[in-house]
*Asks:* 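Right, I'll just put the structure down here and ask away after.
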Amino acid sequence: GRQHLRGMEFEGSQLNINELGSSGIVLSVEQEASLQTSLVILARDHKFRKVKLWGVVKGVQKDYFVAQGVGRDELKDRKFVYSQDLLQWNLLPHVDDGLKHKSTLLQGRFTGDPSFVFELTATQRTGEGENTIDKVTAVEMKEEDRLAAVVTRIDEEAAIAPRGAYIKTALNEVMINRSFQGLSFAEAKNLHYYVHFKETKSGEEEKLDIRHAMDFLKSLETDIPKGCWSLQINQGGASVVLRSLIWLGMVLYHNPGTPKFGYFYCGTGEKNLDIPFMF
């Protein structure tokens, strides 16, 4: 009586992707039922327009299930929540640049205990010659903060969508493009037709071709290092899977010729720093 995890959106259910079971996460029927119920309650309590299951960050003792609550704007109004029992969901702490940077200093696995505190010492060398001073600072970070920072970094660097799936309205709001019918089979084989689902910083917009309402997001084509995405075509073209080789476990699914797509992360939350040496 086990079922594979499906990509879910409640309210405006747009995806129901069965391939997510290939991430290796298998839920019992009971777990899947409690997940559905708890996400519906979560959406109601936080006034989210919809809730998407974002992924799973695997801990040594326990895993973290991460979901995303979406408000009016598909891009700006997103909040991350996590659960370990699929019943109780907590908002992940707010993440700023300082927290993101701190999380890059920590190596190794998540324990599975949100209150666990990671400690490490960072050495910074200042001055020159005889006047060099080694300043040693102790860095402490709660696992819950680290989880929030890492999930945010993964999402910013590796959340992607097919080109045209979202549009920017005249009011500058990002919405699902209701007339999106999916990429063609030829387009689906080309990285140019996939975009980063993240806000472009001011100044970056000028570099993008904004003649079309759908070209407000940056294409994967220019990503460095080249080859940091792996594109796989399944079932004779019926489905496409795009994997990040930098954040192993981040995957985009799309069925060409249909509006169905979704991304999902299932991994340890560790960045692959060996990527330049993999080619």
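Predicted model only: the values in this text are computed from it and were never measured.
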*Asks:* For E187, which residues count as a salt bridge (Lys or Arg N to Asp or Glu O under 4.0 Å) partner, sequence neighbours excluded?
*Replies:* none
*Asks:* Apply side chain to side chain donor-acceptor pair (under 3.5 Å) to K102 and list each qualifying residue two or more places apart in sequence or on a separate chain.
*Replies:* none
*Asks:* Going by ring-ring contact (aromatic ring centres under 6.0 Å, His included), name the residues that satisfy it together with Y193, two or more places apart in sequence or in a different chain.
*Replies:*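 Counting only residues at least two positions away or on another chain, Y193 forms no ring-ring contact (aromatic ring centres under 6.0 Å, His included).
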*Asks:* Does either side chain, that of S219 or that of R163, offer a donor lying less than 3.5 Å from an acceptor on the other one?
*Replies:*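 There is no such pair between these side chains.
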*Asks:* Any pair with a residue in residues 116-157 that passes ring pair (Phe, Tyr, Trp, His ring centres under 6.0 Å), sequence neighbours left out, goes on the list, sorted by first then second residue, please.
*Replies:* F116-F118
*Asks:* For E173, is there an ion pair with R72 - N to carboxylate O distance below 4.0 angstrom?
*Replies:* yes
*Asks:* Looking at side-chain heavy atoms only, is the closest gap between F261 and Y253 below 4.5 Å?
*Replies:* no
*Asks:* Tell me yes or no: between the side chains of W229 and S244, is some donor less than 3.5 Å from an acceptor?
*Replies:*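 No - no donor-acceptor pair under 3.5 Å links their side chains.
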*Asks:* Who pairs with H46 by side chain to side chain donor-acceptor pair (under 3.5 Å), at least two apart in sequence or on another chain?
*Replies:* none
*Asks:* Who clusters with I133? Use side-chain heavy atoms, under 4.5 angstrom, across I, L, V, M, F, W and Y, and order the result by chain and number.
*Replies:* none
*Asks:* Verify the distance criterion only: is there a donor paired with an acceptor across the side chains of Y265 and D155 at less than 3.5 Å?
*Replies:*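 Result is no, nothing qualifies.
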*Asks:* Looking at E157 and K198, is any side-chain nitrogen of the basic one under 4.0 Å from a carboxylate oxygen of the acidic one?
*Replies:*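 The answer is no: the pair does not qualify as a salt bridge.
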*Asks:* Could you check whether any side-chain N or O of N272 sits under 3.5 Å from a backbone N or O of L245, counting only pairs where one atom can act as donor and the other as acceptor?
*Replies:* yes
*Asks:* Is there a donor-acceptor pair under 3.5 Å between the side chain of H196 and the backbone N or O of L217?
*Replies:* no
*Asks:* With E143, which residues qualify under salt bridge (Lys or Arg N to Asp or Glu O under 4.0 Å), at least two apart?
*Replies:*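 Here no residue qualifies.
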*Asks:* Residues in side-chain contact (heavy atoms from CB on, under 4.5 Å) with E270, at least two apart?
*Replies:* R109, T268
*Asks:* Is a side-chain donor-acceptor pair under 3.5 Å present for T132 with D134?
*Replies:* no
*Asks:* Sequence neighbours left out, what passes salt bridge (Lys or Arg N to Asp or Glu O under 4.0 Å) with K189? Give chain and number order.
*Replies:* none
*Asks:* Going by side chain to side chain donor-acceptor pair (under 3.5 Å), name the residues that satisfy it together with N190, two or more places apart in sequence or in a different chain.
*Replies:* none
*Asks:* Who are the side chain to side chain donor-acceptor pair (under 3.5 Å) partners of D73, not counting sequence neighbours?
*Replies:* none
*Asks:* Please identify each residue that fulfils salt bridge (Lys or Arg N to Asp or Glu O under 4.0 Å) with E221, with sequence neighbours left out.
*Replies:*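 Salt bridge (Lys or Arg N to Asp or Glu O under 4.0 Å) list for E221, sorted by chain: empty.
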